[in-house]
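Heads up, the thing below is written out as structure tokens.
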Amino acid sequence: MSKVYDPDIIERKWQKNWEEAHCFEAESSHEKPKFYGLIEFPYPSGQGLHVGHPRSNTAMDIIARKRRMEGYNVLFPIGWDAFGLPTENYAIKNHVHPAGVTEKNINHFREQLKRIGFSFDWSREVNTTDPKYFRWTQWIFLQLYKKGLAYKMEMPVNWCPSCKCGLANEEVVAGKCERCGTEVVRRVKSQWMLKITAYAQQLLDGLDDVDFIEKVKVQQRNWIGRSEGAEVDFAIKDSDVKLRVYTTRPDTLFGATYMVVAPEHAAVDRLRDRIENWDEVVAYRDAAAKKSDFERTELVKEKTGVELRGIKAIDPVNEKEIPVFVADYVLSTYGTGAIMAVPAHDTRDWEFAKKFNLPIIEVVAGGEDVQKEAFTDVATGTLVNSGFLNGLSVQEAKKTITDWLTERGIGEKKVNFKLRDWVFSRQRYWGEPIPLVNCEKCGWVPVPENELPVLLPEVDNYEPTDSGESPLSKMTDWVNTTCPCCGGPAKRETDTMPQWAGSSWYFLRYADPHNDKALADYDELKYWMPVDWYNGGMEHTTLHLLYSRFWNLFLHDIGAIPNQEAYQKRTSHGMILGANGEKMSKSRGNVINPDETIAEIGADAFRMYEMFMGAFDQAIPWSTEGARGCRRFLERVWRLMDMVTETEEIRHEAEVATNAMIKKVSEDYERMKFNTAIAAMMSYVNEIYGIGSISRGELRMLLLCLNPVSPHITEEMWEMCGFGEPIYRQKWPVWDENKLVADEVEIAVQIRGKVRGRIMVPNGLTREDGEKLLQNEKVKALVGGAEVKKIIFVPGRLLNIVC
RNA sequence: GCUGAUGUGGUGGAAUGGCAGACACAGGGGACUUAAAAUCCCCCGGCCCUAAACCGUGCGGGUUCGAGUCCCGCCAUCAGCACCA
């Protein structure tokens with residue numbers, strides 16, 4: 001054996017070969033069955049590739065390579081989610097243009113990804129900042145606008161004082177900016193909104209038909225937050241004002257002992273003249289308005305509130321007069337912004353009632369003393385103290401009372417969602433301009449579709465402003481335009497779209513990335529969509545994954561695309577942590593640089609370690625030693641070439657091991673059990689070393705199985721051994737189900753469930769053959785003449801004797 | 001508080017209710033070598049000189065011929081949501 005294993009040379013050689021052969025490009029013909037595998041396209045940050053990227057990429061690369069060998073027409077694309085704040089901030093700091101920074105970063109990322117040997121179809125690259133791309137992002141926005149699903153509204157938004165930008169609800173984590181961690185404040189602004197709530201039910205229902213890992217479905221369901229209940233009108237005594245509440249427990253209507261409205265509720269103003277303690281109410285309202293959402297929820301554990309003195313509401317079921325409070329534990333943004341409080345059966349109302357000494361009336365029996373604790377279980381319990389509802393179960397009472405309210409016109413069944421509309425404006429430069437102009441006469445007018453894209457103006461200074469105005473607003477030449485409708489003077493919208501815009505439809509563009517007539521050709525979409533398998537991070541579950549499903553549903557509704565759901569299958573990878581078990585970060589000094597690792601052990605070993613380090617869906621700390629172990633294994637595979645025999649077939653002595661390996665690897669790749677698939681190949685190589693030689697047929701099988709994980713070394717060895725056409729043209733190996741077990745197998749012998757010995761038995765015995773094994777000398781000795789009461793024989797596993 | 005996940009050697013982790021610790025990392029020993037590195041082989045949960053036996057999958061119960069796995073009750077850690085009426 002002369003040639004040494006030099007990954008750097010081999011890997012570059014094959015990367016060049018693949019590029020020239022165009023072997024990983026999707027075929028334009030639609031004859032073969034298709035497979036569309038997708039990873040989340042990266043944000044090309046200045047830091048370059050992180051070791052987390054290759055974890056997702058390698059996993060999907062393995063699947064893509066296997067699918068090609070299985071005869072599928074595979075689409076495995078890559079692109080750049082390139083609008084966004086870090087690039088803009090970097091550009092501001094260094095007085096350069098974000099477009100230039102973006103291009104530089106993309107070039108760096110592309111080089112890094114190519115160096116790892118992913119089988120991406122590079123001919124279909126997309127870039128969200130490319131006008132040819134965002135022309136269609138703007139087009140989609142206009143369709144949303146035309147259907148009334150994009151609207152501008154004055155409203156309190158989550159404002160990040162550091163990013164100087166409004167945020168979507170989904171971007172606020174524990175009251176802080178998801179990106180920079182600064183505490184978010186409330187600020188009233190006029191914002192573009194997307195009516196994702198119009199799709200709440202469809203987004204929920206669609207989850208039933210797709211193959212997403214369960215925790216993703218659960219998180220999306222929780223975020224959408226559907227609840228069923230009723231709206232009920234409460235009259236205000238001696239007035240024609242009605243307070244409408246939303247409740248999920250209309251059955252407890254007889255137990256309502258007071259009401260609460262949110263501080264922002266309009267009824268407070270309407271009742272002003274009758275409120276005796278108006279000053280106190282106003283003071284409370286002002287204090288609440290100043291608090292951020294964070295303070296209103298997280299910090300304030302103790303409930304606060306002020307009674308509206310002089311005001312009484314009337315419970316419609318029993319005509320009882322009850323007090324009305326204003327309190328910030330009731331949110332203006334959910335339901336009707338007003339509630340009926342049933343302290344006996346709601347923990348929040350209970351706390352409030354205790355503090356303000358309000359009566360607690362039990363209306364559902366079955367719990368403990370409601371004076372000591374609220375009883376909230378809806379599955380058990382019977383209605384009491386509730387007039388015509390007495391004796392009913394909670395479920396029955398809900399239906400009865402809802403019908404009763406509906407008949408009298410004082411209430412009705414109602415479904416509510418926690419999901420809020422999507423705040424879509426950003427007051428920053430580096431994003432897609434919103435393609436609308438505001439005309440004094442005509443109001444908001446869309447830019448005609450044939451004038452898209454609306455390009456970003458070249459500016460010298462695009463720093464964000466403290467006033468909350470977009471930096472674009474200072475560009476008067478750009479802002480001042482003419483109205484497409486009346487030709488009069490008009491102003492362009494100066495807010496831009498959020499980063500989530502471009503990523504909400506990129507998977508559609510991959511089907512037909514160079515189309516300038518439509519976002520993608522309908523027939524191409526019909527062939528390629530939906531995405532068959534999408535792997536990505538859990539952090540996008542309530543952001544990108546929800547937004548893009550929304551856009552896809554919408555585009556389907558307007559007939560632009562053929563499929564309803566964007567993704568058939570969604571899986572998720574675990575995070576890679578630093579060697580100390582903490583999240584990788586510069587400040588912790590535990591960041592692993594992929595370039596350095598590849599320089600040391602090669603891309604093949606790097607890829608293998610990323611897959612071998614642990615269960616794919618779990619967070620795993622990085623181990624440099626472990627990574628070196630994978631390099632050692634590849635060296636061991638390389639040296640198999642010194643042990644090759646002339647035999648083309650799989651030899652009898654290696655038959656079981658080879659078939660078992662192919663089966664294990666094939667099945668484990670599909671289940672994303674990459675670590676055990678690799679372990680199976682390691683075991684196989686250990687076994688071959690034990691035999692001392694490997695036949696050509698056996699080596700072929702090993703190289704085919706290993707190729708998706710470590711494609712370069714396997715192609716090189718394949719070529720060196722003269723196995724013919726490159727592996728990317730080969731078929732995925734099949735195993736022989738009849739050759740998975742040896743003629744004779746060792747099984748455990750248990751006495752009353754404890755292992756007492758092992759015996760060799762012929763393969764192929766059935767459960768009924770257990771009886772015969774009692775004749776075995778070893779078994780006889782173990783039983784020692786005791787009376788055998790029961791025999792359990794599990795073929796290939798064990799014999800358990802109860803005596 | 002709610003929802004979900006996890007808990008196994010020194011470490012990362014394996015294990016359709018069927019021989020716990022596969023495969024690796026670290027560690028130890030041996031072979032080869034003048035030597036080192038590399039490589040190859042062996043050992044590697046605890047108790048024990050060794051072996052047998054015994055004990056061992058967060059804790060306490062249970063079901064079963066047999067439980068890391070299933071059921072009941074706890075504890076701990078992580079993640080997401082969080083006054084959603």
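The chains referred to below are lettered A, B, ... by the order of the sequence lines, with proteins before strands, and numbering in each begins at 1. Treat the numbers as computed from the prediction; the structure is a model and nothing was measured.
As rounded to the nearest Å, B/C71 and B/A22 have P atoms that lie 27 Å from one another. Nucleotides B/G9 and B/G56 have their P atoms positioned 14 Å apart, rounded to a whole Å. One C1' atom belongs to B/U33, the other to B/C40, and the distance between them is 13 Å to the nearest Å. Nucleotides B/U57 and B/G46 have their P atoms positioned 15 Å apart, rounded to a whole Å. Comparing the P positions of B/U11 and B/C74 gives an interatomic distance of 30 Å, to the nearest angstrom. As rounded to the nearest Å, B/G45 and B/A20 have P atoms that lie 14 Å from one another. B/U3 and B/G73 have their P atoms separated by 13 Å, with the value rounded to a whole Å. Only the P atoms considered, B/U63 is 44 Å distant from B/C83, to the nearest whole Å.
With distances taken from any side-chain atom of A/I339 to the nucleotides B/C65, B/C25, B/A85, the minimum falls on B/A85.
Looking at RNA chain B, the stems built from 3 or more consecutive Watson-Crick or G-U wobble pairs, each pair with its key distances under 3.5 Å, are B:1-7 with B:75-81, B:10-12 with B:23-25, B:27-31 with B:39-43, B:58-62 with B:70-74.
Spacing between atom CZ of A/F674 and atom P of B/A22 amounts to 23 Å, rounded to whole angstrom units. Computed from coordinates, the A/H540 NE2 to B/A79 C1' distance equals 16 Å when rounded to whole Å. Rounded to an integer number of Å, the gap from A/M681 CE to B/A24 C1' is 14 Å. Protein atom CD of A/E351 is 16 Å distant from nucleotide atom P of B/A85, rounded to whole Å. Rounded to an integer number of Å, the gap from CE of A/M538 to C1' of B/A5 is 10 Å. Per the geometry, CG belonging to A/D617 stands 9 Å off P belonging to B/U6, to the nearest Å. Whole-Å rounding puts the A/R420 CZ to B/C81 C1' distance at 15 Å. In this entry the distance linking CZ of A/F633 with P of B/C25 reads 11 Å, nearest Å.
Salt bridge status for A/R244 with A/D233: present, with a side-chain N to carboxylate O gap under 4.0 Å.
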Polar atoms only, N or O, under 3.5 Å: list the protein pairs with nucleotides 1-4 of chain B and their distances.
none

Extract from the structure each pairing of a protein N or O with an N or O of nucleotides 37-45 of chain B at less than 3.5 Å, listing the distance.
unit_1: B/U39; atom_1: O3'; unit_2: A/R639; atom_2: NH2; d: 3.0
unit_1: B/C40; atom_1: OP1; unit_2: A/R636; atom_2: NH1; d: 2.7
unit_1: B/C40; atom_1: OP1; unit_2: A/R639; atom_2: NH2; d: 3.1

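A centroid separation of 6.0 Å or more is found between the aromatic rings of A/F612 and A/F674.
Residue contacts for A/R221: at a heavy-atom cut-off of 4.0 Å it reaches no nucleic acid atom on any strand shown. Nucleic acid contact class of A/G629 (heavy atoms, under 4.0 Å, all strands): sugar-phosphate only. Within the 4.0 angstrom heavy-atom criterion, only backbone atoms of the sugar-phosphate kind lie near A/S227; the bases stay farther away.
The shortest side-chain heavy-atom distance between A/V364 and A/T376 does not fall under the 4.5 Å cut-off. By the 4.5 Å heavy-atom criterion applied to side chains, A/V685 and A/M681 are not counted as neighbours. The shortest distance between side-chain heavy atoms of A/R570 and A/T541 does not fall below 4.5 Å. Using a 4.5 Å cut-off on side-chain heavy atoms (C-beta onward), A/L167 and A/V157 make no contact.
Scored by the salt bridge (charged side-chain N to carboxylate O under 4.0 Å, His left out) test, A/E787 finds no partners at all (sequence neighbours excluded). Among residues two or more places apart in sequence or in another chain, the salt bridge (charged side-chain N to carboxylate O under 4.0 Å, His left out) test is passed with A/D377 by none. Partners of A/Y199 under the ring-ring contact (aromatic ring centres under 6.0 Å, His included) rule, at least two apart in sequence or in another chain, are A/F550. Residues satisfying the salt bridge (charged side-chain N to carboxylate O under 4.0 Å, His left out) test with A/K372, not counting sequence neighbours, are A/D369. Every residue two or more places apart in sequence or in another chain that forms a side chain to side chain donor-acceptor pair (under 3.5 Å) with A/T658 is listed here: A/Y684. By the salt bridge (charged side-chain N to carboxylate O under 4.0 Å, His left out) test, A/K772 pairs with A/D769, sequence neighbours left out. Applying the side chain to side chain contact (heavy atoms under 4.5 Å, CB included) criterion to A/M760, with sequence neighbours excluded, gives A/E744, A/E746.
Taking 90° from 0 as the syn/anti boundary, the base of B/G4 is oriented anti.
Close to B/A85, at under 4.0 Å from its OP1 or OP2, lies no side-chain N or O of A/Y329.
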Classify every nucleotide of nucleotides 12-18 of chain B by which part a protein heavy atom approaches to under 4.0 Å, writing B for the base, S for the sugar-phosphate alone and - for neither, in 5'-to-3' order.
SSS-B-B
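Distance CZ/A/F234 to CE/A/M259: 5.0 Å, rounded to 0.5 Å. To the nearest 0.5 Å, atom CD1 of residue A/I688 and atom CG of residue A/L702 are 8.0 Å apart.
The base of B/C83 is paired with the side chain of A/K303 by a donor and an acceptor separated by under 3.5 Å.
Applying the salt bridge (Lys or Arg N to Asp or Glu O under 4.0 Å) test to pairs two or more places apart or on separate chains, those with a residue in residues 249-260 of chain A are A/R249-A/D251.
Each of A/K790 and A/C630 was assigned the nucleotide of RNA chain B with the nearest heavy atom; the assignment lying further toward the 5' end belongs to A/C630.
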